[in-house]
Amino acid sequence: MTEQLEKKLASLYVSEKSGSDESGDGSEGNPFKTALKAWHQGGENGTAVFVEAADGGDAQKPKWQPISDSAVKKVKKLYQQDLKKAEKHAEKEKEDLARREKNLEEAKGIVISEDKSLPAAKQIKLRDAKATRDVRVKIFGWVHRLRRQGKNLMFVVLRDGTGFLQCVLTDQLCHTVEAVTLATESSVCLYGVIKALPDGKTAPDGHELVVDYWELIGSSPAGGTDNVLNEESGVDVMLDQRHIGIRGETLSKILKLRGVLTQAFREHYIARGYNEVTPPTMVQTQVEGGSTLFKLDYFGEEAYLTQSSQLYLESAVPALGDVFAIAQSYRAEQSRTRRHLAEYTHVEGECGFIDFEELLSRIEDLLVDVAQRVMDGPNAYLVHELNPGFKIPKKPIKRMDYSDAIKYLKEHNITKDDGTFYEFGEDIPEKPERTMTDQIGEPIFLLRFPAGIKSFYMKRVPNPTDPQDKSKELTESVDVLMPNVGEIVGGSMRMTGYEELLDAFKENGLKPEHYYWYTDQRKFGTFPHGGYGLGLERYLTWMANRDHIRECTIYPRFVDRCKP
Ligand code: 4AD
C-alpha cells in the first residue's frame, strides 16, 4: 500500500461548507460533505473522522476537529437507518425480479394487434386532448409515471412536452413482454379514446385515455431514470444528470415559462417600435471590466466572449433608431452565488434622444408591461403554479439614490463582515444589497452611483458643488433591485463627448484604438442616449420565485461547470 493511501485510510475529512459526497474522496484536500458519508467510507470501522470547524478555525482552534461524541451518536443512528433501508431495498428488488421473471415467461408468446374494425386513429398532441374527446386518437409520448394494479390493469401518465394525460391499459394490453417490462421514460404510441371520467373518479383535466392498442417505440431500463436521478440525489448529481432532470415537472415548467417570457420581451419591444439587432458575441472589446472576461484564441488573435451587447447597440441607434437585443453574455465570475451564471441571456435596450428620467420610465414600463403580457397570456398558469403569490409591480417603482442607500445601511446597522459601515464611494456588495432590498420588500430603482465604482461609459451628473472633485462624481446610472433576487437590471445614460470618452478610456486603462468604431459615434453626430441590460434568468428567478438562478436555464454554466 502506498504511503498516500495509508494516510487516506487513516483519517477522513468532512467539510459541510466545501465538501462533496459525490466528488469528494474524504481526503483533507477533497473532503466529504456529510459525516454520514465518512461513516460509510470507513468511520464505522474505526477510521478517524475530522470535521471542519464551523468558523474555519483560528490560531487557538485547528481547522480540523475530531468528530464530537454527540455527532457520532447522531451519525451512527443515521448509518443504521441507511443499512435498514438498503436491506429493505435489496429484498424488494429480489421480489420484483422474481415476479418480473415469472411474468416475462408468461408474456412470451402474447402478441397484440390493432383492431382494424375500429375507426382510424387521428394523431394528436396532448395540448389538444380536451378538444378531442370521444374520437379515436393516437398519441406519441413518454411514460411519465407508471402504476400497475394487479395483472390486468396499468395506469400510465403520458407526457409529450405539450401536456400530460392519464391513460388506462387493461387485460391483454398489460400482458405482452413490452408491457411487463415497461418502465418510466420509455417512449410509446398509445391508441384509444379520451373519455370524461364518471363522477367519483379523478384525473387531471377530468378525463383519461382508454387505450385499445399500443406500441413501444423506445424502451427504458427497469426503474426508468430512478437509478440515475432520484429524490436523494445531491446537487452535483442533479447537475450532471440535468438532461434527465429537465424531464421533471418543475424544471420543464420553468423552461416553458422562460420561452413565454422571452417572447413577451420581444413583443414589448416590437409594440414600442424598437428594432431587433443580433450583435456578435466574439469580440475584442470589454464593457464591464477585465476581471470577468473569457479570453479566446481567435485565429491567433486575442478575443473575448462578450459581456454585453451595449456598445454595438449604441452604434446601431443612428442606423435603426431604438434597438434591442436578446443575446448571450458571458462573465467569468469566480464565485458560486445564487444569482451568477458564467453564460446568461441578456435583454438589452438602447434609446436615442432621451434623458435620464425618460430612461427610468422606459425601464419601469419594460418591467411592468412584460409581466402584464405574461399574466394576460394563455400561459399565465405557469406563473400561478410556480409562484402563486406573484404580483405585477405597481408604478411608480420606488426610487432611491445610492447616497441614501449608504445612509440606509448605516441606519439599519447593515455592516461589512468586520463590523464597519459602507462609506460613500464603495461598492455595495450582493449581501448587504439583498438585505436592504428584502427589508424594504418592494422593487427599488437605485440611482446615481459614484463614477469610481461604475463602468467607463456612463454619463456624469454635473457636480454643482465642486466640478473638480472626482471622488464625488456621480453617474446617471440605475440598478433595479428585486426582493429575493437582488439586481436584475443595470443601466445608464452614456457619455456623448469625444474627449470625455477618451479620458474615461485612459482612466480605465483601455486602449481607445480598439474602440474606434465606438468613439466614432461621438465624432459623427453625437446624441444623448441611454440604455440598460436585464438578466433574463434573474427576471425569471424573480417571476417564478426560485431559490437559485441555476433553475432558470437549461444547462447552467458557472465556475467549474461546463457540462452537460
Ligand atoms: O449591470 P451589468 O453588468 O450591465 C451591463 O452589462 C450593461 N452593459 C448593460 C447595458 O447597459 N446594456 O449587467 C446587466 C444585467 C444585470 O443587472 C444582471 O441582471 C445581468 O445582466 N447579469 C447577470 N446575470 C446572470 N449572471 C451573471 N453573472 C450576470 N452578470 C450580469
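One-based numbering, in listed order, for ligands and for the atoms of each. For this chain, numbers begin at 1 and follow the sequence in order.
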Undergrad: State the CZ-CD distance between F299 and E301, to the nearest 0.5 angstrom.
TA: 10.0 Å
Undergrad: In terms of ring plane angle, is the pair Y408 and H412 parallel, tilted or perpendicular, where the classes change at 30° and 60°?
TA: parallel
Undergrad: May I ask you to check if R522 and F524 form a cation-pi contact, with NZ or CZ under 6.0 angstrom from the six-membered ring centre and within 45° of the axis?
TA: no
Undergrad: List, ordered by chain and residue number, the protein residues whose closest non-hydrogen atom lies under 4.0 Å from any atom of ligand 1.
TA: V287, E288, S308, Q310, R331, E333, R339, H340, L341, Y344, H346, E348, Y457, E487, I488, V489, G490, R494, G531, Y532, G533, G535, R538, I549
Undergrad: Which word best sums up how the rings of H268 and Y274 line up, parallel for under 30°, tilted for 30 to 60°, or perpendicular for over 60°?
TA: tilted
Undergrad: Do T184 and H144 touch side chain to side chain, with heavy atoms closer than 4.5 Å?
TA: no
Undergrad: Please examine the side chains of L446 and V478, heavy atoms only from C-beta on, and report whether any two atoms are closer than 4.5 Å.
TA: no
